[in-house]
Amino acid sequence: MPELPEVERYRTVAESALGRVIAEVRAFDAWYLKRGASQRELAGVLEGARFWRARRTGKLLLLDVDTGKGARPPSDGPVLGLHFGMSGTLLVDAGSATERATEDQLAYSSHKVLPGWDRFALRFEDGGEMRVNDARRLGGVELDPDPRRLGPDALGLSLSGLRAQLGSSSTPLKARLMDQSRLAGVGNLIADEALWRAGLDPRRSANSLDLAQMRKLQRHLRKTIDDLILRGGSHHGDLMPARHLDGRCPKDGARLTRGKVGGRTTYWCSIHQI
DNA sequence: CCGGATGTTCACCT
DNA sequence: GAGGTGAACATCCG
């Protein structure tokens with residue numbers, strides 16, 4: 001599921017966990033703990049502590065920890081990083097009214113949640129819990145993720161910011177947009193949608209845009225992400241219904257082209273995306 | 001049965 | 001170093 005819009009939703013879900021004392025770390029799946037994090041280490045940091053802020057950079061959810069010792073928020077406390085891969089979901093307070101409401105909002109989700117797919121959970125002293133459920137195990141949990149790994153968040157990126165991140169590379173434009181170290185949060189669906197809206201061929205060089213095209217891309221990228229957050233997910237784009245063989249461009253009715261760009265299946269309109 | 005799927009990382013090429 | 005490819009992860013869907 002997760003591209004930026006989904007993780008932004010998970011961020012709001014995580015806000016319902018703020019301020020609650022963590023009683024127990026449950027790492028069901030050691031493989032899910034990344035970058036050397038261990039159950040023991042996580043328990044040492046988190047048990048007895050609480051989250052005081054939920055942030056997001058790109059597709060990475062960041063939970064700032066208040067250990068109650070020394071370091072007052074904001075700043076210099078530990079940070080729990082959650083990433084969700086393609087099939088991860090964040091749930092808070094399973095079975096409660098809160099979660100039922102959340103799951104209603106998540107009705108678009110085609111992903112099932114099965115108990116056997118719980119990879120990581122925190123139990124709170126109040127009896128509630130937060131858990132990451134992930135069928136394919138492509139997500140993960142880490143402590144103090146390195147912020148330099150990700151470029152600036154795609155949401156709200158300025159024109160000059162976009163130009164800087166596209167740089168002088170001759171890499172295909174779409175591949176550059178999806179490079180998380182350059183621009184954080186754009187995945188396969190958002191990239192196709194934004195390029196389709198902006199009328200740009202995903203294969204053209206990232207460095208080949210003139211100022212007008214750059215401006216157009218920046219505007220459409222921002223609007224696309226805004227729209228998809230409002231519509232409830234990255235697969236609610238206007239291009240989405242046409243993403244199949246024999247699909248037709250919703251703008252001009254032309255047959256869409258399907259190919260691989262940046263290693264991912266890509267759909268584009270050969271008429272108006274130039 | 002086979003291929004592909006919203007993501008990331010890594011080994012291995014060119 | 002820059003890019004590209006394919007594999008791996010585990011499950012569902014057409």
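Protein chains get the first letters and strands the later ones, always in sequence-line order, with residue 1 at the start of each. All values derive from a computational prediction rather than experimental measurement.
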What do the steps show when you test A/Glu142 against A/Leu33 for side chain to side chain contact (heavy atoms under 4.5 Å, CB included), and what is the final call? CA-CA 6 Å; A/Glu142 64 182 310; A/Leu33 306 181; over 6 Å; no
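For the atom pair NE2 of A/His83 and CD of A/Gln180, the computed distance is 11.5 Å after rounding to the nearest 0.5 Å.
The stretch residues 162-171 of chain A touches DNA chain C through A/Ser169, A/Thr171, each having a heavy atom under 4.0 angstrom from the strand. DNA chain B lies under 4.0 Å from at least one heavy atom of each of the following residues of residues 180-193 of chain A: A/Gln180, A/Gly187, A/Asn188, A/Leu189. Listed by residue number, there are no residues of residues 142-152 of chain A with a heavy-atom contact under 4.0 Å to DNA chain B.
A/Phe28 does not carry A/Arg119 over the face of its six-membered ring by the limits of under 6.0 Å from the centre and within 45° of the normal.
In this structure, A/Trp117 places its CH2 atom 8 Å from C1' of C/dC12, rounding to the nearest Å. The interatomic distance linking A/Glu6 (CD) with B/dA5 (P) rounds to 17 Å, in whole Å. Note: CZ (A/Phe84) to P (B/dG7) measures 14 Å, nearest angstrom. Look at NZ on A/Lys260: it is 9 Å from P on C/dG6, rounded to the nearest Å.
The salt bridge (charged side-chain N to carboxylate O under 4.0 Å, His left out) search around A/Arg264 returns none, not counting sequence neighbours. Remark: A/Arg40 pairs with no residue by the salt bridge (charged side-chain N to carboxylate O under 4.0 Å, His left out) rule, at least two apart or across chains. A search for side chain to side chain donor-acceptor pair (under 3.5 Å) contacts involving A/Asp29 returns A/Arg137, not counting sequence neighbours. Applying the side chain to side chain donor-acceptor pair (under 3.5 Å) test to A/Arg11 and every residue at least two apart in sequence or in another chain returns A/Glu8, A/Glu15. For A/Asp192, the salt bridge (charged side-chain N to carboxylate O under 4.0 Å, His left out) test picks out A/Lys174, A/Arg243, with sequence neighbours left out. With sequence neighbours excluded, no residue forms a side chain to side chain donor-acceptor pair (under 3.5 Å) with A/Glu47.
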For DNA chain B, please output the secondary structure as dot-bracket, reading 5' to 3'. Pairs are Watson-Crick or G-U wobble, both atom distances under 3.5 Å; mark crossing pairs with [ ], other-strand partners with |, unpaired with a dot. .||||.||||||||
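In the set B/dA5, B/dT6, C/dG4, B/dT6 carries the atom at the smallest distance from any side-chain atom of A/Ser234. Across C/dG4, B/dG4, C/dT11, the shortest atom-to-atom separation from the side chain of A/Arg258 is found for B/dG4. Taking the side chain of A/Ala135 as heavy atoms from C-beta on, and the options B/dA5, C/dT11, B/dG7, the nearest nucleotide is C/dT11.
Note on A/Ser87: every side-chain N or O is 4.0 Å or more away from OP1 and OP2 of B/dG7. For the pair A/Lys59 and B/dT8, the criterion of a side-chain N or O lying under 4.0 Å from OP1 or OP2 is met. For A/Arg264 and B/dT6, the shortest distance from a side-chain N or O to OP1 or OP2 is below 4.0 Å.
A gap of 14 Å separates the P atoms of C/dT5 and B/dG4, to the nearest Å. For the C1' atoms, the distance from B/dT6 to C/dG3 is 24 Å, rounded to whole Å. Straight-line distance between the P atoms of C/dC12 and B/dT8: roughly 22 Å, to the nearest whole Å.
As judged by a 4.0 angstrom heavy-atom cut-off over every strand, A/Arg243 is placed among residues touching the sugar-phosphate backbone only.
The shortest distance between side-chain heavy atoms of A/Asp201 and A/Leu173 does not fall below 4.5 Å. Counting heavy atoms from C-beta on, the side chains of A/Phe124 and A/Met130 come closer than 4.5 Å. The shortest side-chain heavy-atom distance between A/Asp144 and A/Pro78 falls under the 4.5 Å cut-off.
In this structure, the side chain of A/Asp134 engages the main chain of A/Leu138 through a donor-acceptor pair within 3.5 Å. Using a distance-only test at 3.5 Å, with no hydrogens or angles considered, a donor-acceptor pair links the side chain of A/Asp153 to the main chain of A/Gly58. When atom types are taken as modelled, the side chain of A/Asp64 and the backbone of A/Gly77 share no donor-acceptor pair closer than 3.5 angstrom.
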Atom pairs, protein N/O to nucleotides 12-14 of chain B N/O, distance under 3.5 Å:
none

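Shortest non-hydrogen contact noted between A/Leu228 and A/His236 is CD2-C, 3.6 Å.
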Please set out all donor-acceptor pairs under 3.5 angstrom arising from side-chain atoms of residues 212-221 of chain A, sequence neighbours excluded.
| residue | atom | partner | partner atom | Å |
| --- | --- | --- | --- | --- |
| A/Gln213 | OE1 | A/Arg204 | NH2 | 3.2 |
| A/Gln213 | OE1 | A/Asp210 | N | 3.0 |
| A/Gln218 | NE2 | A/Leu157 | O | 2.9 |

